[in-house]
Colleague: 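This structure is in structure tokens; I'll ask about it shortly.
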Amino acid sequence: MPELPEVETVVRTLRPTITGAKIAAIQLNRTDIVTPANTNLTPLLTGKTITSIDRRAKRIVITLDDCNRFYIHLGMSGRLTLDQVTHPTKLHTHFIIELENTTTQIRFNDPRRFGGVFWLGTDSAEKDLGPEPLTLKPAHLAKQLQHTRRPIKAALLDQTIIAGIGNIYADEALFLAKIHPLTPANKLKPIQISALNRAIKQTLRQAINFKGSTLRDYVNADNSPGGYRTKHKVYDRAGDPCTRCRTPIKRIVLTARSTCFCPDCQKR
DNA sequence: GTCCATGTTCTTTA
DNA sequence: CTAAAGAACATGGA
């Protein structure tokens, strides 16, 4: 599901309501969604005040007034929503944060359970993450890519190389930059790296403006779907005409992921 | 029944 | 040894 734009959208929606809010209680309906295993969240969260909520890559990082923090990862099917306490709880709602002095609560719902709650304590949320794409300079992107011969599409999905891009926005950015997804990452010319860096930023920013892409599961924290899906140029458009040249969009499988591109605009 | 899906991590292979 | 490919995780919709 959720890549950088979707996670950013959720964070922006939650921020005004939950910043400064005090946690009255929590409900944890499945303990196996918490990492490290056997972390008892109840004493760590109850009575604490939320100081801030931020995004790092695809992680939703919540910091408490005692300087401890944790993050929520939405995985493939996760939702983090702000719901009225009277609103019926959906199936697969694993974790609820009850807030003082409000009629709403934060609910984490995740049918496939690829997501979860990750307790950090005073550790940072940086572990195993590459740089943020929205502030990345071309020279830094070049440095990140120069040591791998893997296809550029695979490199963009590697969160240790660049953090926050997933299957949709990798395809969309490569189309915008006119780069074939199978091009070895270390074979990209400087001009292509610059184009890719710009394309990544532009794609992610536009997606954020449309509040992300909803394929099936993703919704914003207010339960509304994202509006960017109809703007996709290649993702999930196999067989449809390219918006630039009318050539049918091609679909290949790369590292077990569907990869869509225009064979005419994105030559090897 | 089959195949596929926005992600990550562990294991196996080269 | 490292880099890269593959499998696994769990659920639901087409």
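Note on naming: letters A, B, ... go to the chains in the order of the sequence lines (proteins, then strands), and numbering restarts at 1 for each one.
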Colleague: Using a 4.0 Å heavy-atom cut-off to protein, can you give one letter per nucleotide of nucleotides 5-14 of chain C, 5' to 3': B if the base is in contact, S if only the sugar-phosphate is, - if neither?
Modeller: ----BBBBS-
Colleague: Rounding to an integer number of angstrom, what distance separates C:dA10 and B:dT11 when you compare their P atoms?
Modeller: 15 Å
Colleague: Let me know the distance between OH of A:Y235 and P of B:dA5, rounded to the nearest Å.
Modeller: 6 Å
Colleague: I'd like to check A:I106 versus A:L82 (side-chain heavy atoms, cut-off strictly below 4.5 Å). Are they in contact?
Modeller: yes
Colleague: For atom P, what is the distance between B:dT9 and C:dC1, given to the nearest Å?
Modeller: 23 Å
Colleague: Do A:H94 and A:R113 have side-chain heavy atoms sitting under 4.5 Å apart?
Modeller: yes
Colleague: Dot-bracket notation for DNA chain B is requested: 5' to 3', Watson-Crick or G-U wobble pairs only, both distances under 3.5 Å, with ( ), [ ], | and . as defined.
Modeller: .||||.||||||||
Colleague: With sequence neighbours excluded, what pairs up with A:Y235 under the ring-ring contact (aromatic ring centres under 6.0 Å, His included) test?
Modeller: A:H232
Colleague: Taking atom P of C:dA4 as reference, at what distance in whole Å does atom CG of A:L145 sit?
Modeller: 12 Å
Colleague: With respect to the phosphate group of B:dC4, does any side-chain polar atom (N or O) of A:S258 fall under 4.0 Å of OP1 or OP2?
Modeller: no
Colleague: Under 4.5 Å between any side-chain heavy atoms of A:D236 and A:C260, yes or no?
Modeller: no
Colleague: Name the orientation class of the two ring planes belonging to A:F210 and A:Y228 (parallel below 30°, tilted from 30 to 60°, perpendicular beyond 60°).
Modeller: tilted
Colleague: Just to confirm, is there a sub-4.0 Å distance from OP1 or OP2 of B:dG7 to any side-chain nitrogen or oxygen of A:H73?
Modeller: no
Colleague: Can you find a heavy atom in the side chain of A:K178 that is under 4.5 Å from one in the side chain of A:R244?
Modeller: yes
Colleague: What is the nucleic acid contact for A:R257, judged by heavy atoms within less than 4.0 Å: base, sugar-phosphate only, or nothing?
Modeller: base
